[in-house]
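As structure tokens, the structure follows; a few thoughts come after it.
Model, not experiment: these values are computed from the prediction. Atoms within each ligand, like the ligands themselves, are counted from 1 in listed order. In what follows, residues are counted from 1 in the order of the sequence shown.
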Amino acid sequence: MNAIIAQLKDCFEQALVAAFGSEFAGTDPILVPASNPKFGDYQCNVAMSLSKRLGKNPREIAAAIVEHLNVDDLCEPPSIAGAGFINLTLKPAYLEAQLRQMQTDSRLGIAPTKYPKRTIVDFSSPNIAKEMHVGHLRSTIIGDSIARVLEFLGHDVLRINHLGDWGTQFGMLITHLKQAYPEALTTANALALGDLTTFYKQAKQRFDEDEAFRETSRLEVVALQAGNPETLKAWHLLCEQSFLAFQEIYELLNIKITNRGESFYNPLLAGVVEDLAKLGLLVEDQGAQCVFLEGFTNKEGDPLPLIIQKSDGGYNYATTDLAAIRYRTQQDQAERIIYVTDAGQANHFMQVWQVARRAGWVPENVELVHVPFGLVQGEDGKKFKTRSGDTVRLRDLLDEAVSRARQDLETRLEAENRQETEEFKAHAADVVGISAVKYADLSQNRTSNYIFSYDKMLALQGNTAPYMLYVYARINGIRRKGDIDFEQLGANYPIVLQEELELTLAKHLLGFDEILSAVEADLMPNRLCQYLFELSQKFNQFYDRCPILQAAEPQRTSRLILADLTARTVKLGLSLLGIAVLERM
Ligand code: ARG
């Protein structure tokens, strides 16, 4: 199925050419959803924009377009309103046919893209030896959802975990552990990540306070970079220990990702410096090798340098990202590279990309996108912390969500006087708890900060995961009650849309592909959430006023199909957010 709007666009483009000549081929007809449902479903605003060019008044232009417009299969006769808006109302017969197509397609009528792109989503990317924090949680959830949408649309997606697994932090950590807990550096699994974080904090404190410690740490970094076997072994153990802990979180969240951390690019860093020098981009500034940036200046108005190699010979975060870009465009052949990090890193990426483009490492057709997100705040609006002021461990946060979901469930079961097995309860609480956390994050415009509230995210009402899961379970309840086989529906009866609420629901269902295209372009999963929320609301209104199982045929079958399509859309939509559904809850 073609998106409705795409079909209409084609019709308008033809009408424009027929009315005003071939030089109007490819003119954007400025077709948008109607500003007010009482005007219809869509409106075309092109007449106003062509007024100058054609030297005619917009109403005249609109009339000429309508005269040449052939949308009889899709719409009621178009009407012209106000300054020259062309209003369109979709015909029930057209909607019925579209729904039928959607019903018989396992992809719900959404065709894969005609232009699949090799895409890298660089997300999650926590740092070894430090615990994942809520910022990484956001990156993980948002990045996973973006990857899922792009995969579903047929893009070839590489999910990359750009782990912070290299660099100066290992020098101080290994130095400290050698003294405080040497077994950790020689024996696998001697350290849990919790302890590792504590050791990291201690090491950092000593590093900040003690000159001699700093010097030993520095030598340890040199040893690591030189490939000293003992140091490498210690580094390896620390990384493995961290991976295990990250993996636990990924399993809880059902995240698939390929580890390709900073250390992967270590052998390529010298080449980056060498090649930048050959290109004449490198300038020595106070002993460091730098590229002076265009469009970035300091307080005095002088161009800002991006340091590629420090005066002590060490490399930094930017150097690694340069090596990574080059590897991704040349080896991975990526055409779109998406970086999901907090908004604070926006400048870092602008600078690195500028240098990479100037070096000729990013072909013209390759799109580099930063997907920034805001902070997670506590209910007091301050940085999200535990009561004692520590950063919140992800594991604890997810466990807490599940345990609260469990309490809510027990209360509801008791109120409804229902008996359920332990297995049912544990599974439902897991799904609801994890979904609630994910959905609360994804449903916000990612660029703003958001307030983390267990109560809000677990509420059965509002734009929450439980609300959506409930609609899905409700439709399954109808299926069970009527003993309906959704897959066999419709063989005997047509889809008939008569009630306003049926039409509204049908139109919303058919807007799914437009939303996915929008997410594909602007990488804003909250649009998908908003779409699913409105779908659930529209279904609930329909369900409240239009009897389904009690209706006479052909209404009964037709309404069951609407219910089935709603459930399937919710299920698919949630799966693209990384959220599972429950048949009962
Ligand atoms: N490890 C970094 C952090 O915790 C995020 C890495 C993002 N990806 C990248 N290619 N720089 O902030």
Problem set entry | Polar contact flag for H348 and ligand 1 (N/O pairs, less than 3.5 Å) | no
Exercise. Short list, please: which atoms of ligand 1 are under 4.0 Å from a heavy atom of D122?
Worked result: 7 (C), 8 (N), 9 (C), 10 (N)
Exercise. Does the pair D408/R404 count as a salt bridge with the N-to-O cut at 4.0 Å?
Worked result: no
For this session: Enumerate the atoms of ligand 1 whose separation from the nearest heavy atom of T341 is less than 4.0 angstrom.
Result: 7 (C)
Exercise. What's the shortest distance from atom 12 (O) of ligand 1 to any protein heavy atom, and which residue and atom give it?
Worked result: Q345 NE2, 2.9 Å
For this session: Answer with side chain, backbone, both or neither: which part of N127 has a heavy atom less than 4.0 angstrom from an atom of ligand 1?
Result: side chain
For this session: For this output row, return yes or no: ring centroids of Y454 and F452 closer than 6.0 angstrom.
Result: yes
Exercise. With respect to D122, which candidate in R328, R336, R260 satisfies the salt bridge (Lys or Arg N to Asp or Glu O under 4.0 Å) definition?
Worked result: R328
Exercise. Given the rule in the side chain to side chain contact (heavy atoms under 4.5 Å, CB included) test, do L528 and L532 qualify, once you have shown the distances and angles that lead to the verdict?
Worked result: CA-CA 6 Å; L528 176 53; L532 293 173; 4.2 Å; yes
Exercise. According to the salt bridge (charged side-chain N to carboxylate O under 4.0 Å, His left out) rule, which pairs have a member within residues 214-241, sequence neighbours left out?
Worked result: K178-E220, E211-R214, E215-R218
For this session: Please state whether H136 comes within less than 4.0 angstrom of ligand 1, counting heavy atoms only.
Result: yes
Exercise. Looking only at heavy atoms of Y317, does any of them come nearer than 4.0 Å to an atom of ligand 1?
Worked result: yes
For this session: Go through ligand 1 atom by atom and flag the ones less than 4.0 Å from a non-hydrogen atom of Y339.
Result: 10 (N)
Exercise. Is F349 touching ligand 1 with its side chain, its backbone, both, or neither, if touching means heavy atoms under 4.0 Å apart?
Worked result: side chain
Exercise. Under the 6.0 Å and 45° cation-pi test, does R107 pair with F152?
Worked result: yes
Exercise. Just by distance, with hydrogens left out, do Y115 and E335 show a side-chain donor and acceptor under 3.5 Å apart?
Worked result: no
Problem set entry | Within-cut-off N or O pair, D321 and ligand 1, under 3.5 Å | yes
